[in-house]
Engineer: 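The following block contains the structure, expressed as structure tokens.
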Number of protein chains: 2
Amino acid sequence: MNVMNDSPRRKELTRQAAQLFVQEGFDRTTVRMLAQEMGIKSGSLFHHFRDKQEILAAVIEEGTQNALVIAKAALEQCDNSAEARLQAMARAHLETLLTDRNAHVVALYEWRRLDPEARDHLSHLRDAYEALWEEVIDAALAEGLIHGDRFLVARFVMGALNWTVRWYDPAGPRSPDDLAHELVAMITHRPA
Amino acid sequence: MNVMNDSPRRKELTRQAAQLFVQEGFDRTTVRMLAQEMGIKSGSLFHHFRDKQEILAAVIEEGTQNALVIAKAALEQCDNSAEARLQAMARAHLETLLTDRNAHVVALYEWRRLDPEARDHLSHLRDAYEALWEEVIDAALAEGLIHGDRFLVARFVMGALNWTVRWYDPAGPRSPDDLAHELVAMITHRPA
DNA sequence: GGGTCAACCAAGCAAGCGCTAGTGTTAAAC
DNA sequence: GTTTAACACTAGCGCTTGCTTGGTTGACCC
């Protein structure tokens, strides 16, 4: 246990780890594989991270942090109308899922591999992100743009969006913006 | 390698394996843990299954098979209106997710642990199930009940439904039927 | 009442696992 | 020009893993 800060070196290593975690899954990724990908030997890895778990936590933290920053920025830059804000959140979500794909796939699939402390810390981050969504959805409900139970609508929408990592092909004909439009049109019943 | 049929014994073992796979994840579940849960020794396990992978495939096959049967039955028993069929599919999906929860959670989380042959075999089963959905959604589009891109609508809806395994609490106040109504109301814009 | 067969067991192998200890090496800080 | 600390290496410990082997048991059958 030596460094533990968030040096640029560590950020880069984290990024490489994310890719391996996606390819192989956390449990199947060995410290030797991680080290090879990073261009160092397995022993050296523990200079940067306390243990394997900490690498996982770093990957997920990085992704969630980015999502939060991007969503906040998107909300600040868009109109105040409920529809524009809904649109902005959906697009921001999809763009993060695209640019930070590895980290988010890891977060979705390997969340349960986190130890309790890391999970506790990271769930606060995630809650902050989901709170943004609930705020935007509440506004849309209040404006009569959408209808229904706020809890359920929020979960359905986030489910639809998160599920995209399973089938979305960035090389295909549809942009994240297209998807966001289509989703918002679906739940607001206004033409895309 | 000995039996490989689908004896009742094997079905029961599969059910128990599913529970462990959900609790621990596939990779973290050892053959010794599986054997203990089944009340046998680890060596005996290989009388029923060729290897650990085959247990995973059996779990997922069982769950998908059931989902397909239940969905078909639901479609046969309901009205011919697009809305009723949409409703029936959503409810059937949620009910399977509830009653066969373990198998479906495993299918969602551990799909990538399947070896290529098993994945190929099982993806045909899954495709058959998704084809039912697309049929129902096509009908709803044709009737003007919903609007948008059929491909995207289908994926959004299935994402919203599958995501429920992450947050749905069977002991809570909402029944699968409630959820199905709310979801259909959300995409058709008719009151729940 | 010998033969068959599914079901199970005890013992253990070969490989791989996360992680540690101890030791350079390099480059900036003093 | 010595000190310091970040970063890397080699070697391997202690343990667990999936799976195999060679054998026993008891129910059923002709």
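Values below: all heavy atoms of this structure, side chains included; hydrogens, waters and symmetry mates excluded. Labels below follow one simple rule: chain letters A, B, ... track the order of the sequence lines, proteins then strands, and each chain is numbered from 1.
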Engineer: Please state how far atom CZ in R10(B) lies from atom P in dC8(C), giving the value in whole angstrom units.
Structural biologist: 14 Å
Engineer: Side chain of H48(A) only, heavy atoms from C-beta on: which candidate in dG18(D), dC9(D), dC7(D) is closest?
Structural biologist: dC7(D)
Engineer: Look at S44(A) and dC9(D) and indicate whether a side-chain polar atom (N or O) is within less than 4.0 Å of OP1 or OP2.
Structural biologist: yes
Engineer: Using atom NZ of K52(A) as one end and atom P of dC15(D) as the other, report the distance to the nearest whole Å.
Structural biologist: 19 Å
Engineer: Kindly indicate, with the supporting measurements, whether the criterion ring-ring contact (aromatic ring centres under 6.0 Å, His included) is fulfilled by F151(A) and W167(B).
Structural biologist: CA-CA 11 Å; F151(A) 177 86; W167(B) 56 265; 5.6 Å; yes
Engineer: Whole angstrom is fine here: how far is it from CZ in R28(A) over to C1' in dG18(C)?
Structural biologist: 17 Å
Engineer: Using whole Å, report how far CG of L45(A) lies from P of dA6(D).
Structural biologist: 17 Å
Engineer: Mind calculating the distance between CG (D27(A)) and P (dC17(C)) to the nearest angstrom?
Structural biologist: 12 Å
Engineer: Is the distance from OP1 or OP2 of dC7(D) to the nearest side-chain N or O of H47(A) less than 4.0 Å?
Structural biologist: yes
Engineer: Could you tell me whether E62(A) and R10(A) make a salt bridge, using a distance below 4.0 angstrom between a side-chain N and a carboxylate O?
Structural biologist: no
Engineer: Whole-Å distance between dT25(C) P and I40(A) CD1?
Structural biologist: 18 Å
Engineer: Measuring from the side chain of R32(A) (C-beta onward, heavy atoms only), which nucleotide among dA8(D), dG18(D), dG12(D) has the closest atom?
Structural biologist: dG12(D)
Engineer: Between the axis at one end of the helix from dG1(C)-dC30(D) to dC30(C)-dG1(D) and the axis at the other (five pairs apiece), what's the angle to 10 degrees?
Structural biologist: 0°
Engineer: In this structure, how many angstroms lie between the P atom of dA6(D) and the CZ atom of F46(A), rounded?
Structural biologist: 19 Å
Engineer: Below 4.0 angstrom, N of the basic side chain to O of the carboxylate: do E12(A) and R9(A) qualify?
Structural biologist: no
Engineer: Provide, to the nearest angstrom, the distance between the CD atom belonging to Q36(B) and the P atom belonging to dA10(C).
Structural biologist: 13 Å
Engineer: Could you check whether any side-chain N or O of Q53(B) sits under 3.5 Å from a backbone N or O of R113(B), counting only pairs where one atom can act as donor and the other as acceptor?
Structural biologist: yes
Engineer: Please state whether the rings of H93(A) and Y129(A) are parallel, tilted or perpendicular, taking 30° and 60° as the class boundaries.
Structural biologist: tilted
Engineer: Among the nucleotides dC9(D), dA6(D), dC9(C), which one has an atom lying closest to any side-chain atom of K41(A)?
Structural biologist: dC9(D)
Engineer: For residues V153(A) and W133(A), determine if any side-chain heavy atom of one lies less than 4.5 Å from a side-chain heavy atom of the other.
Structural biologist: no
Engineer: Could R155(A) and E134(A) be called an ion pair, given the rule that one side-chain N must be under 4.0 Å from one carboxylate O?
Structural biologist: yes
